[in-house]
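Quick note on labels: first sequence line is chain A, next is B, and so on, each numbered from 1.
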Number of protein chains: 2
Amino acid sequence: MQTHSEENYLKAIWKLVEHSGENVNTNAIAALVHTRAASVTDMMKKLSDKKLISYQPYKGVSLTAKGERVAIEVVRKHRLWEVFLVEQLGYKWDEVHDIAEQLEHIRSSTLTEKLDKFLGFPKVDPHGDLIPDKSGKISKQQQIPLAQLESGNKAIMTGVADHSTLFLRFLDKHKIHLGDTIETKEKTTYDSSMEISVNRKKNIHISNEVAKNILVRKSRS
Amino acid sequence: MQTHSEENYLKAIWKLVEHSGENVNTNAIAALVHTRAASVTDMMKKLSDKKLISYQPYKGVSLTAKGERVAIEVVRKHRLWEVFLVEQLGYKWDEVHDIAEQLEHIRSSTLTEKLDKFLGFPKVDPHGDLIPDKSGKISKQQQIPLAQLESGNKAIMTGVADHSTLFLRFLDKHKIHLGDTIETKEKTTYDSSMEISVNRKKNIHISNEVAKNILVRKSRS
DNA sequence: TTTTATTTTTAGACACCCCTAACTTTATTT
DNA sequence: AAATAAAGTTAGGGGTGTCTAAAAATAAAA
């Protein structure tokens with residue numbers, strides 16, 4: 001059994017491993033869990049003692065099978081609760097993160113499965129992130145940042161890299177949503193900003209910062 | 001802002017005041033929050049410093065207006081979540097307490113109201129307990145323990161005093177449910193056990209212990 | 001009313017999780 | 001390779017919430 005804090009660290013490590021594929025460094029974890037490096041080191045010892053991570057001082061950490069199981073379970077709960085909040089309670093996609101951060105720690109041997117069933121076994125959460133199944137399996141998204149899409153190519157928006165309220169509201173404001181067809185019209189070499197069209201209609205000029213945080217799946221056509 | 005632990009203490013005090021009407025003693029609180037008297041004393045100082053209770057050593061405690069507001073909010077959340085678990089997720093009434101104990105501490109300025117609306121503004125939780133409204137108002141139940149009902153009188157079951165899984169399953173097993181009409185047929189003076197009829201049909205013999213934990217509203221007729 | 005029992009509080013300690021400051025190890029420059 | 005910078009760890013400490021054991025206050029009994 002893990003504490004809320006331990007679960008948060010495991011989830012953070014899992015996210016970082018997903019992105020980088022390598023051993024995770026202390027400062028990266030500290031940034032994700034909003035704490036300091038020293039606190040991270042303390043926790044790494046604890047998680048290592050519990051055999052949830054493999055840790056060698058100065059060399060970063062990775063999850064053990066046991067640790068990954070816990071982390072994915074937390075992620076599964078987080079994403080299912082987000083679906084509940086948006087689809088059942090009527091929240092907007094930029095409002096649910098903090099509440100789901102709390103709900104993901106609710107402990108029950110049956111709750112997650114009942115919730116999953118109640119929601120109709122959703123595959124994806126409101127931000128396009130895949131929901132791990134009961135056994136912990138989670139298929140890899142075939143997605144790239146819009147910033148990497150070649151000029152003149154079309155793609156479907158499937159997710160966001162930045163989950164902050166600020167960024168999500170920005171997308172809402174410009175009517176850019178999951179599932180939209182996005183085409184890169186023209187890239188400015190100077191600042192890597194780009195002109196895009198959304199659903200073959202409106203043209204919008206977005207910064208590279210924004211383009212990096214929009215995730216798309218290339219459409220083969 | 002209160003910690004989970006503080007909220008649990010406030011809720012316990014509130015419950016005890018509801019029952020006794022008087023100042024609450026340390027050991028009673030300790031029993032309800034599953035801790036020791038010494039821990040309670042520590043917490044009483046903390047809650048007193050925060051002006052959530054009024055506390056004089058050796059003389060028991062009571063809630064301040066501020067403390068009562070917090071306690072009722074927690075109770076409201078607990079009962080709403082119980083409704084959700086039973087009505088939406090399909091839990092049985094004896095399975096929801098522990099999960100609701102966790103859910104009641106979820107912090108959000110909007111969640112409770114959205115949940116309330118989603119559930120259709122329920123008045124009562126699965127155990128017959130009244131759900132405080134948004135403003136914290138909660139009407140008093142006109143209910144007495146079945147044990148106090150005079151022989152030959154009819155009443156409607158409206159609640160339970162014991163929320164334990166064991167007791168609730170006992171009631172399920174004997175098909176005694178909220179809303180059932182109960183009539184006391186005969187009381188045994190020796191052990192205060194009694195013969196009752198449920199919905200004018202089956203007769204059951206129940207102990208005084210059980211009769212004390214079944215709450216009924218006298219039907220005037 | 002004095003003694004005994006019960007209840008409550010204080011004292012001292014520990015686990016958890018966080019912090020700052022100082023030190024050590026590793027990486028990067030020059 | 002030596003000097004500097006960056007990253008990570010250790011040392012020491014603080015707040016929360018719990019505990020046991022001992023002391024103090026209150027209640028009950030002789």
Quiz item: How close or far is atom P of D/dT18 from atom CD1 of B/Ile29, stated in whole angstroms?
Solution: 12 Å
Quiz item: When you check the phosphate oxygens OP1 and OP2 of D/dT18, does a side-chain N or O of B/Ser5 lie under 4.0 Å from one of them?
Solution: yes
Exercise. Scan B/Glu7, B/Glu82, B/Glu104, B/Glu113 and name whichever one has a salt bridge (charged side-chain N to carboxylate O under 4.0 Å, His left out) with B/Arg76.
Key: B/Glu113
Quiz item: Does D/dT9 have OP1 or OP2 sitting under 4.0 Å from an N or O in the side chain of A/Tyr55?
Solution: yes
Quiz item: Between A/Val83 and A/Ile131, which heavy-atom pair has the shortest distance, and what is it?
Solution: CG2-CD1, 3.9 Å
Quiz item: Any donor-acceptor pair under 3.5 Å between the side chain of A/Asp42 and the base of C/dC18?
Solution: yes
Self-check item: Atom-pair distance (CG on B/Asn8; C1' on D/dT16), nearest Å
Solution: 14 Å
Quiz item: Under 4.0 Å between a side-chain N or O of A/Tyr9 and OP1 or OP2 of C/dC16?
Solution: no
Self-check item: Atom pair distance, as rounded to whole Å: NZ in B/Lys45 and P in C/dT8
Solution: 15 Å
Exercise. Output yes when a side-chain donor or acceptor of A/Glu95 lies under 3.5 Å from a complementary backbone atom of A/Lys92, and no otherwise.
Key: yes
Quiz item: Do any side-chain nitrogens or oxygens of B/Asn27 fall under 4.0 Å of OP1 or OP2 in C/dT8?
Solution: yes
Quiz item: Nearest-Å distance, CG (A/Leu16) to C1' (D/dA7)?
Solution: 16 Å
Practice problem: Please report, rounded to the nearest Å, how far the C1' atom of C/dA15 is from the CD atom of A/Glu6. | Solution: 12 Å
Quiz item: Rounded to whole angstroms, how far apart are OH on B/Tyr58 and P on C/dT6?
Solution: 17 Å
Practice problem: Please answer whether the main-chain N or O of B/Arg107 pairs with a side-chain N or O of A/Gln102 as donor and acceptor at a distance below 3.5 Å. | Solution: yes
Quiz item: Quick one: does NZ or CZ of B/Lys114 land under 6.0 Å from the six-membered ring centre of A/Tyr91, within 45 degrees of the ring axis?
Solution: yes
Practice problem: Rounded off to whole Å, could you give me the CG-to-P distance for the A/Asn25 and C/dT26 pair? | Solution: 15 Å
Quiz prompt | Contact under 4.0 Å: B/Thr26 side-chain N or O vs C/dT7 OP1/OP2 | solution = no
Quiz item: So does A/Thr35 get a side-chain nitrogen or oxygen closer than 4.0 Å to the phosphate oxygens (OP1/OP2) of C/dC19?
Solution: yes
Self-check item: Nucleotide forming a Watson-Crick or wobble pair with C/dT30, both distances under 3.5 Å
Solution: D/dA1
Quiz item: B/Met43 has an atom CE; how far is it from atom P of C/dT10, in whole Å?
Solution: 16 Å
Quiz item: Does B/Arg36 place a side-chain N or O at less than 4.0 Å from the phosphate oxygens OP1/OP2 of D/dT18?
Solution: no
Self-check item: Contact under 4.0 Å: B/Thr41 side-chain N or O vs C/dT9 OP1/OP2
Solution: yes
